[in-house]
Amino acid sequence: MSETSIPMEEKEIKLADLYLAKTLWPFIKPYASLLCLTTLLVFIVTFFELTMPILTQKAFDGFIFPVGTKTGALFFGFEITSFSTFCILFSVIVLLWFAVDFFQSLLMEYTGQTIILNLRRRLFSHMAFLPVAFYDKNSSGRLVSRVAGDIENMNDMFTSVLIFIFRDLFLMAGVLVILFNINLKLAVYLTALVPVIVISIAVFSKTLRNAFRTIRQKLSEINHRFSEAITGIKIIQTTSSRNGFLEKFRILNAEYFSASLFQIRIFSIFMPFIGFMGVLSVAIILWTGSFHVMDKSLTLGELVAFLSYMKLFFRPLRDLSETFNLLQNALASAERIIHILKNEKAAPRTHLHREPIGKISHLSLDKVGFSYSGDRPVLKNISFCLPRNRSIGIVGSTGSGKSSIINLITGFYPPGSGTIYFNDIDQRVINIEDIRKRMALVMQDPVLFSGSIRENITPPGTDMDSAKLERALYDANCDFLFEKFAGLDTEIEEEGRPLSSGEKQLVCIARAFAFDPDLIIFDEATSYMDSNSEQKVHDAMKKLMKDRLSIIIAHRLSTVRDCDSILLLREGSIREQGSHKELVALRGDYYHLLEKEKI
């Protein structure tokens with residue numbers, strides 16, 4: 001499978017957790033100090049929590065059922081003889097506990113959300129520079145799952161999981177130390193159960209990790225299928241294929257349901273098991289502890305404190321199981337995100353030490369060959385030259401390689417063989433962004449984004465005045481925007497609504513005017529249009545092509561007949577080349593296609 005695809009959709013990716021942590025560290029590092037402060041506050045909160053059973057013991061043994069003849073309690077070296085003073089101290093500790101816990105929760109959420117903010121920004125920025133080959137091999141539904149679902153899925157890991165793991169481990173360690181201080185024999189009984197619990201956590205966590213990986217995979221496939229159905233809803237309804245799509249979705253949904261049930265079954269076994277171990281330990285301690293109370297080797301307050309600490313000990317175990325639930329889910333998502341971030345072909349092809357290029361004055365291809373998959377060549381030995389201020393038309397049947405030439409010129413794919421020259425400079429030694437800033441691409445399917453017309457035609461990062469933008473609209477025959485809509489302030493919705501297909505294409509040409517490119521490429525720009533819209537687009541194209549390098553790809557020969565040179569492609573090779581008159585006089589394939597078009 002190609003490196004540009006996301007293989008975890010089809011098979012399991014095994015990445016070591018340490019590798020995941022190492023890769024995620026750059027996102028955590030800027031906030032390490034905040035995380036350390038949060039962890040410190042968590043330890044303080046845990047310390048307050050550990051003091052509660054001690055205070056309960058002091059209340060029982062010092063005041064409620066005093067041990068000996070004298071009432072009172074010794075607390076951190078201070079002797080308290082008044083029960084009211086003791087209650088005030090208890091209340092102060094509880095208030096401090098609440099205050100520290102509040103600030104700890106606030107700081108933890110802020111830190112986690114900031115990490116997620118930067119991680120989402122980094123992933124989106126990274127994906128914006130991915131080569132087109134990556135998007136050809138991965139569906140939009142799956143990629144949306146990466147940016148939205150998986151990033152959000154990691155939110156719990158940064159806002160609670162990591163911190164709470166430290167808290168729970170610290171709490172358990174503190175409880176064990178205190179239990180051994182209260183009664184060594186009872187603590188030994190309790191710790192005998194710890195290895196069983198640790199082994200069960202290890203086994204269940206591995207099973208849960210695999211289950212969550214499957215769940216994320218199935219959810220991603222559901223998003224893909226749903227996105228595909230929405231995009232092609234008109235075809236689904238007009239071809240009466242609704243039942244087929246529903247059946248495929250039903251099967252996929254059932255697989256997701258089964259994977260979710262498996263995870264629930266595993267978790268429903270694990271949680272009662274931890275609860276059973278807790279009840280078993282309480283029974284053992286009550287049985288043995290009662291004898292120690294009767295023979296005066298253990299006070300009632302110590303037994304109550306011991307039971308309270310046992311509850312504290314098993315609560316983190318239950319929390320840890322839930323935390324591992326979230327952690328396994330987050331790690332399964334982290335694997336997918338890291339795979340995209342670490343994809344070797346994902347780096348934008350820009351380099352600091354590349355040849356500078358000014359205005360693009362001419363373009364040439366020298367014996368260029370190309371293949372998408374490596375086994376079947378799409379282009380074979382393509383050579384042509386586009387001189388200054390000239391136009392070239394490329395025609396041929398579907399699959400002949402017309403759009404592939406554009407993909408190579410724009411740098412969406414590197415040529416497999418041969419060389420592409422801009423101003424006699426090899427494309428490979430030019431910063432690809434410098435080339436793209438000097439060209440404009442008008443595609444077969446016009447693409448407009450949600451927002452105003454102004455936002456759609458203004459080059460990003462530039463501040464263009466309204467007069468120049470309106471001039472671009474008029475040059476592109478977009479008068480209708482001022483007649484029927486609100487001009488530059490016309491709001492565009494999803495899929496370019498409320499504009500028609502021809503109107504959207506004219507706005508795309510206006511966008512090309514605004515960029516003022518040196519090289520303009522039209523890729524089937526007049527397809528699927530009525531004659532009136534096509535005439536307006538042709539007129540706008542002519543104005544845009546003036547004094548520029550122009551490449552026109554078309555099915556209809558009438559679109560390219562005015563080009564200075566025309567290439568006829570067949571099966572990835574140039575079969576005929578020349579002007580319209582020259583090719584007609586040749587009476588070859590071009591001539592026969594022209595005759596068929598007249599019929």
Side-chain angles (χ1 to χ4, degrees), residues 1-5 131-137 345 349 360 362-387 390-430 432 435-436 439 441 443-444 519 521-525 527 549-557 559-561 563-580 582-584 586-594 596-597:
M1 182 172 289
S2 171
E3 293 178 7
T4 55
S5 60
V132 172
F134 181 86
Y135 294 97
D136 288 342
K137 296 178 183 295
K345 292 187 177 181
R349 291 187 290 137
I360 299 176
H362 55 281
L363 164 72
S364 61
L365 277 70
D366 182 27
K367 299 179 180 179
V368 170
F370 176 69
S371 172
Y372 288 102
S373 57
D375 54 351
R376 188 178 70 86
V378 177
L379 296 175
K380 295 172 282 188
N381 202 34
I382 300 295
S383 297
F384 67 83
C385 180
L386 181 58
R390 295 286 179 167
S391 61
I392 191 167
I394 304 177
V395 296
S397 59
T398 301
S400 59
K402 303 187 299 297
S403 294
S404 296
I405 291 178
I406 302 307
N407 285 337
L408 301 185
I409 292 174
T410 53
F412 293 151
Y413 290 86
S417 60
T419 310
I420 299 175
Y421 294 98
F422 288 88
N423 300 353
D424 297 325
I425 303 174
D426 191 335
Q427 181 195 52
R428 289 169 294 190
V429 299
I430 306 173
I432 192 65
I435 297 175
R436 290 174 179 168
M439 69 168 61
L441 177 62
M443 298 183 293
Q444 177 178 352
L519 170 63
I521 301 173
F522 298 97
D523 188 357
E524 302 286 359
S527 298
L549 297 176
S550 306
I551 300 176
I552 302 176
I553 291 178
H555 276 299
R556 287 183 289 231
L557 303 186
T559 307
V560 299
R561 65 182 302 153
C563 291
D564 298 303
S565 178
I566 300 172
L567 305 180
L568 175 66
L569 296 185
R570 178 172 292 176
E571 297 179 353
S573 299
I574 299 177
R575 292 301 177 91
E576 296 178 6
Q577 181 174 358
S579 67
H580 173 73
E582 291 171 344
L583 293 180
V584 170
L586 189 64
R587 291 185 171 269
D589 291 344
Y590 182 86
Y591 174 80
H592 293 301
L593 288 174
L594 188 62
K596 288 181 180 179
E597 197 171 282

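Residue numbers run from 1 in the order of the sequence given. Keep in mind that this is a model prediction, so the values were computed, not measured.
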- prompt: Under 3.5 Å, is there a donor-acceptor pair between the side chain of Asp366 and the main chain of Gly418?
  reply: no

- request: Identify the two heavy atoms, one from Ile432 and one from Thr410, that lie closest to each other, and give their separation to 0.1 Å.
  value: CD1-O, 3.9 Å

task: For the pair Ser417 and Lys367, evaluate side chain to side chain contact (heavy atoms under 4.5 Å, CB included) and give the outcome as yes or no after the intermediate values.
output: CA-CA 7 Å; Ser417 60; Lys367 299 179 180 179; over 6 Å; no

- request: Answer whether the closest heavy-atom distance between the side chains of Ile405 and Leu569 falls below 4.5 Å.
  value: yes

task: Report the distance from atom CZ of Arg436 to atom CG of Leu519, rounding to the nearest 0.5 Å.
output: 13.0 Å

Side-chain (Arg570) to main-chain (Ser397) donor-acceptor, under 3.5 angstrom: no

query: How far does CG of Asp523 sit from CG of Leu441, to the nearest 0.5 angstrom?
result: 6.5 Å

- prompt: So, Tyr413 and Ser404: side-chain donor and acceptor under 3.5 Å apart, yes or no?
  reply: no

Derivation and outcome, side chain to side chain contact (heavy atoms under 4.5 Å, CB included), residues Ile420 and Leu363: CA-CA 8 Å; Ile420 299 175; Leu363 164 72; 4.0 Å; yes

field: Least distance between heavy atoms, Leu583 atom then Ile566 atom
entry: CD1-CB, 3.8 Å

task: Apply salt bridge (Lys or Arg N to Asp or Glu O under 4.0 Å) to the pair Asp589 and Arg575, showing each step before the final yes or no.
output: CA-CA 8 Å; Asp589 291 344; Arg575 292 301 177 91; 5.0 Å; no

message: Test side chain to side chain contact (heavy atoms under 4.5 Å, CB included) on Leu365 and Ile409; report intermediate values, then the result.
response: CA-CA 9 Å; Leu365 277 70; Ile409 292 174; 4.3 Å; yes

query: Hey, are the side chains of Ile392 and Leu549 touching, using non-hydrogen atoms and a 4.5 Å cut-off?
result: no

task: Please name the pair of heavy atoms, one in Cys385 and one in Pro387, separated by the smallest distance, quoted to 0.1 Å.
output: O-CD, 3.5 Å

- request: Output yes when a side-chain donor or acceptor of Lys402 lies under 3.5 Å from a complementary backbone atom of Ile552, and no otherwise.
  value: no

message: Contact between Ile382 and Leu567 at the side-chain level, heavy atoms closer than 4.5 Å - yes or no?
response: no

query: Between the side chain of Asp426 and the main-chain N/O of Arg428, is any donor-acceptor distance below 3.5 Å?
result: yes

Nearest heavy-atom neighbours spanning Ser391 and Cys563: OG-CA, 3.3 Å

query: So, do Phe522 and Thr559 sit near enough that their side-chain heavy atoms are less than 4.5 Å apart?
result: no

task: Can you see which heavy atom on Pro415 is nearest to which on Val368, and at what distance?
output: CB-CG1, 4.0 Å

Side-chain touch His580/Val584, heavy atoms, less than 4.5 angstrom: yes

message: Evaluate Val395 against Leu593 for side chain to side chain contact (heavy atoms under 4.5 Å, CB included), listing each step before the verdict.
response: CA-CA 10 Å; Val395 296; Leu593 288 174; 5.6 Å; no

query: So, does Glu576 use its side chain to make a donor-acceptor pair with the main chain of Tyr590 at under 3.5 Å?
result: yes

message: Can you confirm whether Gln427 sits close enough to Leu408 that some side-chain heavy atom of one is under 4.5 Å from a side-chain heavy atom of the other?
response: no

query: Backbone N or O of Glu582 within a donor-acceptor pair of the Ser579 side chain at under 3.5 Å?
result: yes

- request: Could you tell me the separation between the CG atom of Leu586 and the CG atom of Leu568, rounded to the nearest 0.5 Å?
  value: 10.0 Å

- request: Mind checking the CZ-CD1 spacing from Phe384 to Ile574? Nearest 0.5 Å is all I need.
  value: 7.0 Å

query: Just by distance, with hydrogens left out, do Tyr421 and His362 show a side-chain donor and acceptor under 3.5 Å apart?
result: no

